[in-house]
**Q** 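Before anything else, here's the structure in question.
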Protein chains: 2
Amino acid sequence: MSDVKHMKWWGWGVEGVGFHWQDKPGFAPIVMKAIGLDLHTASPVEKPVFEDLSIAGPVVSDDLLATLKGIVGDDDATIAPMERVVHTYGKSLRDLVRIRADAVERYVDVVVYPDDEQEVQAVVDAAVAADAVIIPFGGGSNIAGSLEPMKDETRAVISLDLGRLNRLVSIDETSGLARIQAGVQGPDMEEQLGAKGWTLGHFPDSFTHSTLGGWVATRSSGMQSDKYGDIADIARGLRVVRPSVDGTGTDGTLVIRGIPSASNGPSVREMILGSEGRLGVITEVTVQVHRLPEKRDVYAYFFPNWRTGIETMQELAASDVHPSITRVSDARETEFTLATSKERHGFSKFTAETVLPALMRRKGWNLDEICISFIAYEGDTAYAKRQKKLVEAIVKKHGGMGVGAGPGVLYDQKKFDTPYLRDFLLDMGAAGDVSESAMPWSQVIPLYDAVRKAADQAFDEIGIQGWIMAHMSHSYHSGACLYFTFAFVFGDDPIGEYDTVKRAIQQAFVDNGGSISHHHGVGVEHSPWIEQDISPQGVAVMRGLFEATDPKGTFNPRKVVPDAAPASNTARRSAGAAATVTGPDAEPVATRTRATAGS
Amino acid sequence: MSDVKHMKWWGWGVEGVGFHWQDKPGFAPIVMKAIGLDLHTASPVEKPVFEDLSIAGPVVSDDLLATLKGIVGDDDATIAPMERVVHTYGKSLRDLVRIRADAVERYVDVVVYPDDEQEVQAVVDAAVAADAVIIPFGGGSNIAGSLEPMKDETRAVISLDLGRLNRLVSIDETSGLARIQAGVQGPDMEEQLGAKGWTLGHFPDSFTHSTLGGWVATRSSGMQSDKYGDIADIARGLRVVRPSVDGTGTDGTLVIRGIPSASNGPSVREMILGSEGRLGVITEVTVQVHRLPEKRDVYAYFFPNWRTGIETMQELAASDVHPSITRVSDARETEFTLATSKERHGFSKFTAETVLPALMRRKGWNLDEICISFIAYEGDTAYAKRQKKLVEAIVKKHGGMGVGAGPGVLYDQKKFDTPYLRDFLLDMGAAGDVSESAMPWSQVIPLYDAVRKAADQAFDEIGIQGWIMAHMSHSYHSGACLYFTFAFVFGDDPIGEYDTVKRAIQQAFVDNGGSISHHHGVGVEHSPWIEQDISPQGVAVMRGLFEATDPKGTFNPRKVVPDAAPASNTARRSAGAAATVTGPDAEPVATRTRATAGS
């Protein structure tokens, strides 16, 4: 393997790190309650063996491989099986179930590690000349199926790993604008910025393993986006390598300068954002950076129920206060959060089990309905203090109660560990996955109710006990993001079962005023619903953009928008129809592909 | 004329309203000083006579006209000369100079007033079937040349006036989202919103005569955008009529739902924004609305000089305070602003001429360098008060001084009157025009200096005494908008002289890290510089979008991006070269067209 860090091929993160439940006394009981899995008797599956994978030889001509080696160096254009496997998919449930079952049908053929933008340009031009496919690769954390080649792709597929482009190029300290290479991973970037007293303020769940370029390509959002903005707000300038016009290797670079706002036609910047590689290879981003805040405190609050919690968040959004995090969990996620706490963090056992419940009962709260909330204050000390005071007046008005910073510290510490929990469940033969959507405030409760109902119906359909819970993760003037987590123990057909549940949730999103995704991207996982999200004409415009700017289909073809249907308006029908087609879903996993996900 | 309100054909606003200087004692002296024009001896040109215009007959077949009348009604598809003239151009200096000189070469052929979206769809489909051109028309206030047909257009040109689509459709009061028809003019919209206790908070200089759809089509920004956001932030959802796919008249509508944020691929919403009609006809916008603020106060401040003023604005932007207006004028505009004040507003004569100057001299200020600033506080009373306190601490730190709300009241009252001043100058045989750009904070002073220098060189080149002044109108985390106003007395070749100055300013923008426009749009006026702004590859992507989605060139063809050049990178060379070609610029105005503006 190269010097570029990658996650382990069969799961999230690094070898040797994992989720452990033995120090969390409430965890086994809630898993039993939620999905009927007894952790005390269950035994984990064995770690998959790389050598057992059946990997077809690479589809790449000697000429093309030699050309690529000539560009990036012998060692940096590779067809080594481990490199090909690691670069073929992201970390979605579908990805991991399939790789563990040796059910991936099409691997990338060659992986290249360019050192700089010039090498990226040469690789792009070589790919176009050879009619090959390029799929840019950042951290490999995508969960929307944005990375995998289409299974019927007959051309050579090059995974272009940006990992070497990981430098902070420069900071304009007067403007708070930094030029940063796109392949830098989160912690590496914050370390370089932090050394100069700056931060990007962008911390998605994937932060430890994802890249700046990946965030831009998928329209990422982070935990403190309420303050710093989504990546679409943060990324002011871009450099994107597209095919050279005349083969000089110099003028293929699309350059959007770092400018705070402009009236210069349809936003090309906003076309690159979310493009998932389809418009070229993002090599550099000019981002807004902020001085490291003097103060950053995450406080916890409890609300008597979900509706009260949402109403409070809504009033905060409408007010003139600006917390950096506004987050509230539903009753189920609250129960789960408290159950996964270690005794020594957050509250003491006595506080958690005696003091708080007594206090809540005295207020007349039903303990089965309580919801935990995290709100963060960030900035100079006086500002943070003032924000807290203003927020707490609104929390109090709605009947919520503050419980201090203890659980907030805990939340802050374990915020990047969630993906390990998913792997743990997989080891135990269970699915755990997430889906998120943004919607107007008026739709938050109706969409939540509809998703709960749709998931329960899907669990009934597959005949397996399931669990779904949610939190509101981001708030805006006009709406919010709901982030759902669902789980169940696999039956005979893991992917089929997963598809049935996932499909029901996505359909409930678009049927209830929500987007198909708030910050995970589209890929092939959500593309069956994009026509319902942005209308057939919206898809026609987007498809026109892709076809006009990439006539050979070089750049990550067929992601984001599905292939054109013979007639318009078919996505809704086929997505809806697929939800009732249970026959094919019964096939074993090894013969299944993601193409059955509603399309 | 129809019941839809239009501005007068030969200038800004309504008949009978104009700028008067006789009640402003400082005005004549500063005009004399700035551009050498003696208002006491100058006499205004006579009002142009409509009947004197030479207007070629409309290029529209009887069939197409009959079809259009069949769709919108006999009276609402018209080839009446006044309707054709009013709908042919906006209110740029070039527009007004040319119409006053009877130098417009190509008028629109037919004007239609659809009543609703269904009629818009039918008109669009009829235009496509007849291979006609559609130019959507809102308030007609555009100053970037976005409205006029290309002079060599041989097809029928339909001006589609959205004026009848002027209703507030509905408000989702829970979400703060309103569906509003695109043709509504500013005051009419605010009246409908205000009746229910809401405001859009969008107040461009053109507010009294521009439309919601026009703001979206040109990426407008308003005076309180620091708080409410630019129109790109405000417009969350859109309805855009494009050609029907199968002629049913129902499925041509592109629908972007009102969702606060989404990760659903390249943003189609951000493709419509700034599209100036090239992607279809915007019929409805779902906008964020806000409760009418309890408090809204505009305060005035003075700074000893321009640099100090800018540094203060920059520190405000980096801080956690959020004024709704941050604006500072350079010394020249300050002098001009004070000179155009009526005695009875703002300060008393004694304060303005004795108290303040004495105070400033005691501080060691050079009175020739002082800069006036307006900062507004908006929200509930306590919030506004707190913001003012925080702002004033920063102002004081930089050596600025507050002078109360008096001048702010004046500013608020006359903010929409500026365009009338331009007409007044035109009547006196002088040019007065504006150009704006956004740039990183680090480039604010360098770009300002470069523009001043470039304009002065251009004035030298045309051999006419000129004047240029500026204010910073908007601030962002990473930069600001500078808004320049320039003036000179016309010589023999008004348009040629104007082009030389305008071209110098635009080139200085892009050469110094600025955008070609911050909120006025591109049209044909700024398109010669778009390649320098977003790079040749950026233009290629934008052109690909337009060509793929409008293969027949139905929708406002050749606006925003110029025709494809035979080789890339030619725009810079040709724009630069044109600046030195003085020969053709000596032609009389009647034979000139905007096509000479740098392309």
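Naming convention: chains lettered A, B, ... in sequence-line order (proteins, then strands); numbering from 1 in each chain. The figures that follow rest on heavy atoms only: side chains count, while hydrogens, waters and symmetry mates do not.
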**Q** Once you round to the nearest 0.5 Å, how far does CG of B:Leu238 lie from OG of A:Ser535?
**A**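 Here the interatomic distance stands at 10.5 Å.
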**Q** Once the angle between the rings of B:His322 and A:His322 is folded into 0 to 90°, is it parallel (under 30°), tilted (30 to 60°) or perpendicular (over 60°)?
**A**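 Aromatic pair B:His322/A:His322 classed tilted.
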**Q** With only heavy atoms counted, which part of A:Gln314 is less than 4.5 Å from chain B, the side chain, the backbone, both or neither?
**A**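 Side chain of A:Gln314 only, per the 4.5 Å heavy-atom cut-off to chain B.
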**Q** Side chain, backbone, both or neither: which part of A:Val560 has a non-hydrogen atom closer than 4.5 Å to chain B?
**A**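 For A:Val560, the side chain is the part near chain B, not the backbone.
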**Q** Hey, what do you get for CZ (B:Arg269) to OG (A:Ser267), rounding to the nearest 0.5 Å?
**A**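 Those atoms lie 9.5 Å apart.
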**Q** Which pair of heavy atoms, one from A:Met542 and one from B:Val268, lies closest together, and at what distance?
**A**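 Nearest heavy atoms, A:Met542 then B:Val268: CE-CG2, 3.9 Å.
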**Q** Among A:Ser220, A:Ser517, A:Gly521, which residue forms the greatest number of heavy-atom pairs with chain B at distances under 4.5 Å?
**A**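 It is A:Ser517.
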**Q** Output the distance between atom CD1 (A:Ile445) and atom OG1 (B:Thr174), rounded to the nearest 0.5 Å.
**A**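 If I round to the nearest 0.5 Å, the distance is 11.0 Å.
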**Q** Using a cut-off of under 4.5 Å on heavy-atom pairs, state which of B:Ile516, B:Val240, B:Val289, B:Ile272 scores highest against chain A.
**A**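 Looking at each option in turn, the highest pair count goes to B:Val289.
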**Q** For A:Val444, is it the side chain, the backbone, both or neither that has a heavy atom under 4.5 Å from a heavy atom of chain B?
**A**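 Answer is neither: A:Val444 stays 4.5 Å or more from chain B.
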**Q** Heavy atoms only: give me the nearest B:Ser515-A:Ile259 pair and the separation to one decimal.
**A**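 Looking at all heavy atoms of both residues, the shortest contact is N-CD1, 3.5 Å.
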**Q** Work out which heavy atom in B:Gly265 is nearest to a heavy atom in A:Arg219; give both atom names and the distance.
**A**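 Scanning both residues completely, I find the closest heavy atoms to be O-NE, 2.9 Å.
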**Q** Could you tell me which non-hydrogen atom of A:Val541 sits nearest to which non-hydrogen atom of B:Thr549, and how far apart they are?
**A**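 Closest approach of A:Val541 to B:Thr549, heavy atoms only: CA-CG2, 3.8 Å.
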**Q** Please evaluate residues B:Lys227 and A:Asp320 with respect to the criterion side chain to side chain contact (heavy atoms under 4.5 Å, CB included), reporting the C-alpha separation (whole Å), side-chain torsions for both, the decisive distance (0.1 Å), and the verdict.
**A** CA-CA 10 Å; B:Lys227 179 181 174 78; A:Asp320 284 313; 3.1 Å; yes
**Q** Under a 4.5 Å heavy-atom cut-off, does chain B meet the side chain of A:Ile534, its backbone, both or neither?
**A**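 Both backbone and side chain.
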**Q** To the closest 0.5 Å, what do you measure between CZ (A:Arg257) and CG (B:Asp533)?
**A**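 A:Arg257 atom CZ to B:Asp533 atom CG measures 4.5 Å (nearest 0.5 Å).
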**Q** Is A:Arg386 in contact with chain B via its backbone, its side chain, both, or neither, using a 4.5 Å heavy-atom distance?
**A**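 Interface part for A:Arg386: side chain.
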**Q** Based on non-hydrogen pairs under 4.5 Å, which of B:Gly514, B:Gly176, B:Ala318 is most in contact with chain A?
**A**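 Answer, by heavy-atom pair count under 4.5 Å with chain A: B:Gly514.
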**Q** Is it the side chain or the backbone of A:Pro243 that comes within 4.5 Å of chain B heavy atoms, both, or neither?
**A**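 Answer is backbone: N, CA, C or O of A:Pro243 sit under 4.5 Å from chain B.
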**Q** With a 4.5 angstrom heavy-atom cut-off, is it the side chain or the backbone of A:Ala480 that approaches chain B, or both, or neither?
**A**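 Interface part for A:Ala480: backbone (N, CA, C, O).
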**Q** State whether a side-chain donor-acceptor pair under 3.5 Å links A:Asp172 with B:Ser442.
**A**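 Side chains of A:Asp172 and B:Ser442: pair found under 3.5 Å.
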**Q** Shorter than 4.5 Å, heavy atoms on both sides: which option in B:Ser275, B:Ser221, B:Ala217 has the most such pairs with chain A?
**A**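 The residue among B:Ser275, B:Ser221, B:Ala217 with the greatest pair count is B:Ser275.
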**Q** Is it true that the side chains of A:Ser261 and B:Asp230 contain a donor and an acceptor less than 3.5 Å apart?
**A**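 Note: A:Ser261 and B:Asp230 side chains meet the donor-acceptor criterion.
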**Q** Give me the atom names and distance for the closest heavy-atom approach of A:Gln288 to B:Ser478.
**A**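 Smallest heavy-atom distance, with atoms named: NE2-OG, 3.9 Å.
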**Q** For each of A:Leu177, A:Asp550, A:Asp380, A:Ile256, tally heavy-atom pairs with chain B at distances under 4.5 Å, and name the one with the top tally.
**A**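 The candidate making the most pairs under 4.5 Å is A:Leu177.
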**Q** Please give me the minimum heavy-atom distance between A:Pro440 and B:Gly258, naming the atom from each residue.
**A**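 Distance-wise, the nearest heavy atoms are CG-O, 3.3 Å.
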**Q** Which distance, rounded to the nearest 0.5 Å, do you find between the CG of A:Asn264 and the NE2 of B:His519?
**A**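 Here the rounded value is 13.5 Å.
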**Q** Can you check side chain to side chain contact (heavy atoms under 4.5 Å, CB included) on B:Met271 and A:Leu545, steps first, answer last?
**A** CA-CA 10 Å; B:Met271 296 181 210; A:Leu545 171 70; 3.7 Å; yes
**Q** What option among B:His474, B:Arg242, B:His526 has the most heavy-atom pairs under 4.5 Å with chain A?
**A**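 Option with the greatest count: B:Arg242.
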**Q** Can you say whether A:His520 sits under 4.5 Å from chain B via the side chain, the backbone, both, or neither, judging by heavy atoms?
**A**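 Answer is backbone: N, CA, C or O of A:His520 sit under 4.5 Å from chain B.
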**Q** Donor-acceptor check, side chain of B:Ser263 to backbone of A:Thr218, threshold 3.5 angstrom: yes or no?
**A**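 A pair under 3.5 Å: yes.
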**Q** Flag the pair B:Phe546 / A:Pro266 as yes when at least one side-chain heavy-atom distance between them is below 4.5 Å, and no otherwise.
**A**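 Yes, side chains in contact.
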**Q** If I measure from the heavy atoms of chain B, does A:Met439 come under 4.5 Å with its side chain, its backbone, both, or neither?
**A**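 Only the backbone of A:Met439 comes within 4.5 Å of chain B.
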